[in-house]
Amino acid sequence: MDSYDYTEIEKRWKPVWRDMGLYRTGTDPGREPFYCLDFFPYPSGAGLSVGHCRNYVPTDVISRKKRMDGYNVLHPMGWDAFGQPAEEYAIKTGTHPAEVTTENTATYRRQMELIEASYDWDREVNSSDPDYYRWTQFFFLLLYDRGLAYQADNYQMWCPECKIVLSNEEAAGGRCWRCDGEVTRKKLRQWYFRITEYADRLLRDLDGLDWPEGIKAMQRNWIGRSEGAEVDFTVQTTDGPVVIPVYTTRLDTIYGATFCVLAPEHPDVERITTADMRAEVEQYVREARAKSDLERMEASEREKTGVFTGAYAENPYNGEKVPVYVADYVLAGYGTAAIMAVPAHDERDHSFARRHGLPIVEVIAPGGVPQGVEEHATVADGSLLNSGPFDGMESGEARRKMAEYAEEKGFGRADVRFRIRDWLVSRQRYWGAPIPIVHCERCGTVPDRDLPVTLPEVESYEPDDTGRSPLARAGDWVRTVCPECGGPARRDTSTMAGFACSSWYFLRFASPHEKDRPFDPEAVRYWLPVDLYVGGAEHAVMHLIYARFWTKVMYDAGMVDFSEPFSTLKNQGMLLGEDHVKMSKSRGNVVTPDEMVDRYGADALRLYILFMGPFEAELEWSEEGIAGTARFVNRLWNLFCETGEVEPGDVNEGPERELRYRLAHTVKKVTGDVDSFQFNTAVAAMMELTNYMSANRETASAFGPTWREAVRKVLVMLAPMAPFVSEELWHRLGFADGERDTVHLQPWPEYDEEDLQRDTVEIVVQVKGKIRDRIDVPADADRATMEELALRSGRIREILGGKGPSRVIVVPGRLVNIIP
RNA sequence: GCCGGGAUGGUGGAACUGGCAGACACAACGGACUUAAAAUCCGUUGCCCCCAGCGGGGCGUGAGGGUUCGAGUCCCUCUCCCGGCACCA
C-alpha cells in the first residue's frame, strides 16, 4: 500500500481552492454571519513558529466548521506593521522600515498559507499603509474632538534601553514590556487619551463578556476601582494656609492619623517645607527622582525612607496638628499623592512610624477587642475607639457617617478612585502613524484634517535619549502652514503607539477597501461585534483594554451600535520547546511550521497542534507527538483507500449495528468537542472510530452501506482539521459530485438519536462501593429489574453469603450498589 | 501579600450533572515481516501481591481531614507549581 504523499497532494489542492475562491467572504444578508478573528500579529523578522499555530489552527478549524454549519464566515488576517523591531533593523542597516515590513509580512503570509489557514486574503490590511493609518489618524482626531486627547507635561515612564516613553500598561511592574529593562522617569510633554473617563464603564461592562475569568480579573485589577474619601488637611506656612487633600479608603481610622506623607513629586512639597529642612528635603526629592520605580519599590520594601518637611498639618476632625513627611512610598500617580498615615492600622505607615519614631494610636478594635498595635498594624475593620463622637461605631458605618460629616463641614467628600491612568499614546519614534496635529503660534494646537498625514522620508531613524522624535529632523515636513489661519506652523513630530493601530483594525476588516471612511457602517452592523476572538493572554491589559475603550468612544459618537468589540475571547496556551522552556531564537529551540510541514505534512501538523492537549494549557512541543498524528493520517489513508469503495455485501446485523452506534456516538462527540474548543478529544474520538474500523477492515462489506457512510462522515468531520487528506479522499473515493465539488462545503454530519440506543448495557455491581461484578441488563431496565438481576449474580450471592442486602442503591443504566 | 489557574501512569493527557480512573496518543518491552535495519503490522504495559494456568485480591488521582452507599469530581485545612498584579493609602 502506498503511503500518503502529502507533498504531492498539498500541491494539488492549493491552486484548486484558490481558483474556487473557497475562502472569499461576501456580505450576505441572507445568511447568519460569524466573525472569527485572531489577534493582529506584529510581523517580526523571526517568522512564525509552531507556537503561533496554536492560535491559528484552532480558529481555522472553527471557521471551517462554521462554514459547514451554514454560517457566512469572516476570517481575515492583517498586519500590525508599525513597530520598533522593524525600526531598529532599519537603524542598523539603513534600509527603510517599510522594506523590512514588506519582507516580514510576506514570510508570515507564506507560512500561514503553508498550514492552509483559510483567511480571505482579499481583505488583508496593513496598519503601516497610508490608506489604513489615515483612519487611525481620523480616530485620533475623533478622540481629540471629543476632548479625549490632550497634551500634558508629566514625569513619564521612560525606557532608557528602547529610548521611548511607555504607557502605564506597557511599563507594568516597572519593566518595559518589550525589552524587560527597568523603567525610569522623564519629564516630557506628551499626548494622552483620557481612558480614565471610561474607567467605570470599562469595569462594569466586563460582567457581560464571555471572556476567560483570569483576563477579566486582570482588567478589574488594573482598572482598580476603590471607594474612599478625600479629606483636606491644612498646613499653615509663612505665606498663608496650604490645603493638602489626602485620599483614604479608611476614613474610619482618621483619629489615628499621627502624620501625613507627600510623594516626592507632590507639587506642594516646596511650599510647605520650612527653611531649616529645605536642603534635606530637596536632596531626598532629587534622589527619589533619580531612582527607577523598581529601585524605589525594592528599597522601600526593606526600609521606608523619608524626611520631615518641618511642616505640620491640621486634621480637620480633631484639630490635631501632625508632622508632614516626604517619602517615596507614597506614589505620585495615585489618589492625591498625599496620605494621612495611620500606623496603627496600615502596615506601611506602621513600619514608617517605627523607623522614624512616630506615635501609634489605636482607633479600631475588631470585634470590640483592641488587638495591640506595637508590633503590627491591625488592618481588619472593627469598632471605633479614641475617635471622639464616632466611638463605638462599626468601621463601615463610620466611613459613611464620617464622610457625610466632612461634606457638611466642607473639608472632605466621598470619592471613588481608579488605579488606571490615562493612556500615554505619543512616541518619539519614526515608524508609526504621525499624530495629525499642527502647532501654530497664533492658533495653538490645531487638528490637521487633511489626511493622511504621511510619514516623511528621513535620513536616519535613530531616536535619541532627549526624547526628541526623528521626525523633528525632517525640516521641510515639520514646517507647514496652519490649517486655521494659514500662517506658519510646525507639525507635531510624534507618532502614535502601535496600540492605537490595533484599537480599530477589527472594524476595518468588515470593509477593508473603503475609500472615504474608515468602514462601511452597514458592513460593520452585519459583521460586528467579533463573535470569537483568539490570542495570547499577554495583551490582557494592553490591547484588550485599549480596543474596548476606542469602541466605546465610537459608540458614544454614534458610529457603531455596540459598545464591546469582542463577545467571546479565548486565550491559547503557550507552547514550550522540547527542553521545557519558551521557544526563542536565543535558546535555539524554535521549531518552525516550515520544517514540520516539510517533514510530516500540513495535516499532521494541524492535527498534532489540536491533539497535543487542551487549547488553553501550556504544553511542550514533541516531535514524537507529531510523528504520531502523521501515522494516524497514514493509517487513515490506507484504511480508506482499501475499504472506502467496498461493495456492501450480506449484512451482519450485530457488527453493523455496533458501527452505527459508534459512528453516531463519534459524530455527537466531535460536534460537541469542536464547538467547545476541545479539539484534543475530538481528534481522539476519530482515532477511536477509525481504530475500530481498521480492526474490522477484513469484513468491511458485512457492514453494508454503513461502512461507506462512516467513511464519508469521518472525511467531512476531518476536513476542518486536516483539509488536504480529506479532500483528496473525498474525490478519490467518489464522494465528490464532479470536479468542482469540495469536502469543505459539505454540511456538517448529523446523527440519528435512535442509533445511540442500545438493547443491553453493561452495568457495574458493587458491594459496599467495591466493584464485584459486571452484568448485562436491558437498556431500559427499571430499578427493580436491575436490583433483581444484580442479586441473581453468582459472584454477588457468594460474597453476600446467603444474607439479604440491608440496602440497595440503583443508578439506572449505570450501576447497582449493594450494602449487606 | 492579593487575584487567576493548576497538581491524575515512564510522558502528553482523558473521565457527562458525584457512579467502571487512566480514553486517545507517545515512550518502553515482546512478536511478525526482513539477510539486517528502518518503515509497517500484531500484542503487553498504573503499582503491589497470590496462582503452573484460568483467574483472584489489595493499593492508587499533591498531603491530611470531612460529607456520601459511592469522591479525581463536593466541603475544610495544608504543601507545591504556573501566570498576573503588587507601597494604589
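Within every chain, numbering begins at 1; the chains are lettered A, B, ... in the order of the sequence lines, protein sequences first and strands thereafter. Everything numeric in this text was worked out from a predicted model, so none of it was measured.
Atom name P, nucleotides B:G13 and B:C20: the rounded distance is 23 Å, in whole Å.
Each of A:Trp423, A:Trp177, A:Phe39 was evaluated against A:His543; a single residue qualifies, A:Phe39, per the ring-ring contact (aromatic ring centres under 6.0 Å, His included) test. The side-chain contact (heavy atoms from CB on, under 4.5 Å) test with A:Thr305 is passed by exactly one of A:Tyr329, A:Tyr284, A:Phe352: A:Tyr284.
Between the side chain of A:Arg220 and the base of B:C85, no donor-acceptor pair of N or O atoms lies under 3.5 Å.
Between A:Asn680 and the phosphate of B:A14, there is a side-chain N or O to OP1/OP2 separation shorter than 4.0 Å. Contact annotation: A:Lys770 side-chain N/O to B:C59 OP1/OP2 distance is under 4.0 Å.
In this entry B:G12 has B:C24 as its Watson-Crick or G-U wobble partner, both defining distances falling under 3.5 Å. B:C74: Watson-Crick or G-U partner is B:G66, with both key distances under 3.5 Å.
Summary of the strand contacts: A:Asp346 and A:Ile215 both lie near RNA chain B, and taking for each the nucleotide with the nearest heavy atom, the more 5' one is attributed to A:Ile215. Where A:Glu213 and A:Ala695 meet RNA chain B, the nucleotide closest to each residue was compared, and A:Glu213 sits on the side nearer the 5' end.
Glycosidic torsion of B:G9 falls within 90° of 0, placing the base in syn.
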Spell out protein contact along nucleotides 24-30 of chain B as letters: B when the base is contacted, S when just the sugar-phosphate is, - when no protein heavy atom is under 4.0 Å; keep the 5' to 3' order. BSSS---
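One can place CE of A:Met574 at 13 Å from C1' of B:G5, the figure rounded to the nearest angstrom.
Annotation for A:Asp755 and A:Ala664: closest pair CB-CB, 3.7 Å, computed over non-hydrogen atoms.
Every residue meeting the side chain to side chain donor-acceptor pair (under 3.5 Å) condition with A:Asp579, not counting sequence neighbours, appears here in chain and number order: A:Asn589.
In this structure, A:Tyr317 has its ring center closer than 6.0 angstrom to the ring center of A:Phe411.
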